[in-house]
Every structure is written in C-alpha cells, then in structure tokens.
Amino acid sequence: MSKLERGFKSWAERIAVAVRAELDLGPGDPLDGRRLADHLGVQLITPHDVPGIATDVLTQLLDVDPTGWSAVSYALNGATTVILNPNNSAPRQASDLMHELSHQIRGHQPSLLIMSEHGDFAMRSFDGKQEDEATWLGATLLLPRPALLAAAAEGMNNDEIAGKFGVSKSLTDYRVRMTGIDRQVSSRRKRSPSSKK
C-alpha cells in the first residue's frame with residue numbers, strides 16, 4: 001500500500017462514524033453495505049443482471065474462475081452501478097462492496113477502459129492512490145476504531161468480532177492491529193486491579 005495522505009486515516013474514522021449516524025446506527029453497530037449503497041443511490045447487480053451479456057462471457061466470469069474477480073463499478077448518465085461476484089463468500093462480498101462504495105464516497109474518478117482497435121482486447125487504467133484510499137476507507141467503514149474498541153471491551157475475540165460485523169477474520173486481525181486496539185486492550189488488562197489478583 002502506498003503512503004496515504006496525512007490525515008486521511010483520521011478522516012476515514014470520522015466518515016465511518018458519520019455514515020453510521022446518517023443511517024441511525026451507533027458508532028459500534030455493524031454497517032450493511034447494501035443499505036449504504038441504497039443510501040448513496042448506488043445500484044447493486046451481479047453478472048446475471050447485465051442486459052445482453054453473452055452466455056460464454058457469463059460462463060467465463062462465473063464458472064471458469066468463479067473467485068477470480070471481486071467487484072467492479074461503473075457510472076452511466078450520472079448513476080453508479082456495482083457489479084458483485086456472487087460466488088465469493090459473504091465476508092469477501094462485504095469487503096468488495098465497501099471498497100467500491102468508498103470510491104463513490106471519496107469522489108474518485110472512474111478508471112478508463114481502453115479497447116483495442118478491433119475490440120478483442122481491453123486494458124483498464126489503474127490509479128494506485130485511489131485504490132489504496134478505497135481499500136483503507138472500506139476497511140474502516142466495516143470496522144471503525146470505536147466499534148473495535150467497544151467489542152474488545154466486551155471481551156470479544158477477533159473471531160467473534162468478525163462474525164458480528166460480517167467480515168473475514170483476516171480483515172478483523174488487520175484492523176485490530178492497524179488501529180492499535182490489541183495493544184491498548186492488552187495494556188488496560190495489565191493495569192486492571194483484577195488482573196493482579
């Protein structure tokens with residue numbers, strides 16, 4: 001991951017709390033990506049819903065390597081649509097969707113699709129900074145620091161946190177580590193009078 005702009009991580013934490021407030025959720029409540037998509041006016045579909053998609057293309061997308069891609073979003077006439085891979089696990093879909101919605105929240109410019117002259121080959125532009133921001137913001141929206149701190153204070157382990165928030169254990173481990181919650185809770189336990197008995 002490239003270096004994020006100074007202040008971006010704090011901004012992401014504030015946005016995660018603000019989004020929950022907009023949806024009448026508490027800072028420690030799970031955030032349903034589908035509800036957020038609806039709130040943002042983003043349509044969610046799978047490849048099955050793409051009008052006129054060729055059967056061989058659908059087979060390639062969903063049968064040849066069913067977990068080979070995650071999600072993609074596009075804007076048409078001012079409306080954004082996210083296409084999700086329905087073959088991925090629910091935690092991965094949650095992460096994929098939040099990543100795509102993070103692009104929307106951040107106001108990122110969509111990547112460009114560059115087609116060959118005969119239309120038989122395509123390349124997509126890639127903006128590493130935008131992708132890193134969407135990755136960080138998406139993870140923060142799913143597992144903001146206040147939520148992790150509250151869960152840890154309740155004595156929940158990372159497996160339980162992952163289950164509560166509908167995310168993967170690896171994402172939970174990452175966020176707990178990156179936010180310093182693990183060190184903070186460990187330090188509190190060492191200072192707690194009950195831990196000295």
Side-chain angles (χ1 to χ4, degrees), residues 1-44 70-73 75 80-85 88-110 127-188:
M1 182 177 277
S2 66
K3 188 170 181 172
L4 296 166
E5 285 181 14
R6 183 182 175 93
F8 178 81
K9 294 177 183 179
S10 298
W11 174 85
E13 292 288 350
R14 290 191 301 273
I15 288 295
V17 172
V19 162
R20 280 170 170 73
E22 283 180 29
L23 296 174
D24 295 321
L25 298 170
D29 290 332
L31 176 60
D32 179 358
R34 294 176 187 279
R35 186 172 172 202
L36 178 58
D38 187 56
H39 179 69
L40 295 173
V42 173
Q43 180 184 22
L44 302 180
S70 302
V72 65
S73 56
T80 300
T81 299
V82 173
I83 306 173
L84 282 170
N85 184 343
N88 286 331
S89 68
R92 180 163 171 194
Q93 286 188 53
S95 181
D96 295 340
L97 175 55
M98 211 58 78
H99 178 96
E100 295 302 322
L101 295 178
S102 293
H103 283 301
Q104 180 85 1
I105 291 168
R106 193 67 175 149
H108 287 156
Q109 292 299 313
D127 185 320
K129 179 177 180 269
Q130 287 189 171
E131 292 303 317
D132 289 346
E133 286 184 351
T135 297
W136 187 272
L137 179 56
T140 305
L141 285 164
L142 288 167
L143 293 171
R145 193 172 198 287
L148 290 171
L149 196 52
E154 290 175 24
M156 294 175 72
N157 63 37
N158 288 5
D159 283 313
E160 293 167 328
I161 294 170
K164 175 182 178 179
F165 288 89
V167 300
S168 68
K169 168 83 164 34
S170 60
L171 178 61
T172 304
D173 292 345
Y174 176 76
R175 285 292 296 159
V176 165
R177 189 175 67 253
M178 295 306 291
T179 57
I181 297 295
D182 54 349
R183 293 186 304 276
Q184 187 173 347
V185 170
S186 174
S187 176
R188 269 191 203 162

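Only this structure's heavy atoms are used, side chains among them; waters, hydrogens and symmetry mates stay out.
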Q. Where the side chain of R145 meets the backbone of G180, is there a donor-acceptor pair that is under 3.5 Å apart?
A. no
Q | Note, L23 side chain near D29 side chain (heavy atom, < 4.5 Å) | A | no
Q: Applying salt bridge (charged side-chain N to carboxylate O under 4.0 Å, His left out), run through E133 and K3 and close with a yes or a no.
A: CA-CA 10 Å; E133 286 184 351; K3 188 170 181 172; over 6 Å; no
Q. Passes side chain to side chain contact (heavy atoms under 4.5 Å, CB included), L143 versus I161? Steps please.
A. CA-CA 9 Å; L143 293 171; I161 294 170; 4.2 Å; yes
Q. NZ of K129 to CG of D132: how many Å apart, nearest 0.5 Å?
A. 9.5 Å
Q: Please report the closest heavy-atom contact between L171 and A139, naming both atoms and the distance.
A: CD1-CB, 3.7 Å
Q. Does the R106 side chain pair with the main chain of A134, one donor and one acceptor, at a distance under 3.5 Å?
A. no
Q: Please assess T80 against H103 for the test side chain to side chain contact (heavy atoms under 4.5 Å, CB included), listing each intermediate value before the final yes or no.
A: CA-CA 11 Å; T80 300; H103 283 301; over 6 Å; no
**Q.** Ion pair check, D96 and R92, cut-off under 4.0 Å
**A.** yes
Q.
Can you confirm whether more than 12 heavy atoms, excluding those of R34, are under 6.0 Å from its CZ atom?
A. no
Q: Could you tell me whether K169 and D173 make a salt bridge, using a distance below 4.0 angstrom between a side-chain N and a carboxylate O?
A: yes
Q: Begin from the C-alpha positions of L31 and V19 and carry the test side chain to side chain contact (heavy atoms under 4.5 Å, CB included) through to its verdict.
A: CA-CA 9 Å; L31 176 60; V19 162; 4.0 Å; yes
Q) To the nearest 0.5 Å, what is the distance between OG (S70) and CG (L97)? A) 11.5 Å
Q: Output the distance between atom NZ (K9) and atom OG1 (T179), rounded to the nearest 0.5 Å.
A: 11.0 Å
Q) Taking all atoms of both residues into account, what is the closest heavy-atom pair of G166 and A94, and its distance? A) O-CB, 3.7 Å
Q. Taking all atoms of both residues into account, what is the closest heavy-atom pair of S95 and L142, and its distance?
A. CA-CD1, 3.8 Å
Q | Nearest non-hydrogen partners of S102 and G138, listed with the distance | A | OG-N, 3.1 Å
Q: Let me see the working for E22 and H39 under side-chain hydrogen bond (donor to acceptor under 3.5 Å, both in side chains), right down to the final yes or no.
A: CA-CA 9 Å; E22 283 180 29; H39 179 69; 2.7 Å; yes
Q.
How close do I181 and A152 get, counting heavy atoms only, and between which atoms?
A. CG2-CB, 3.9 Å
(Q) Measuring only between side-chain heavy atoms, which start at C-beta, is L36 closer than 4.5 Å to V42? (A) no
Q) Distance-only, no hydrogens or angles: does the R20 side chain make a donor-acceptor pair with backbone N or O of A16 under 3.5 Å? A) yes
Q. When rounded to the nearest 0.5 angstrom, what is the spacing between OG1 in T140 and CD1 in I15?
A. 11.0 Å
Q.
What's the separation between atom CD in Q93 and atom CG in L44, rounded to the nearest 0.5 Å?
A. 10.0 Å
Q | Least distance between heavy atoms, P146 atom then P27 atom | A | CB-CB, 4.2 Å
Q. Do the side chains of F165 and T172 get nearer than 4.5 Å, heavy atoms only?
A. no
Q. Can you find a pair of side-chain heavy atoms, one from E131 and one from H99, that are under 4.5 Å apart?
A. yes
Q.
Can you tell me how far apart CG (L148) and CE (M156) are? Round to the nearest 0.5 Å.
A. 10.0 Å
**Q.** Pair E13 + R175: basic N to acidic O under 4.0 Å
**A.** yes
**Q.** Geometric cation-pi criterion, R6 with W11: 6.0 Å, 45°
**A.** no
**Q.** Min side-chain heavy-atom separation L137-M98 under 4.5 Å
**A.** no
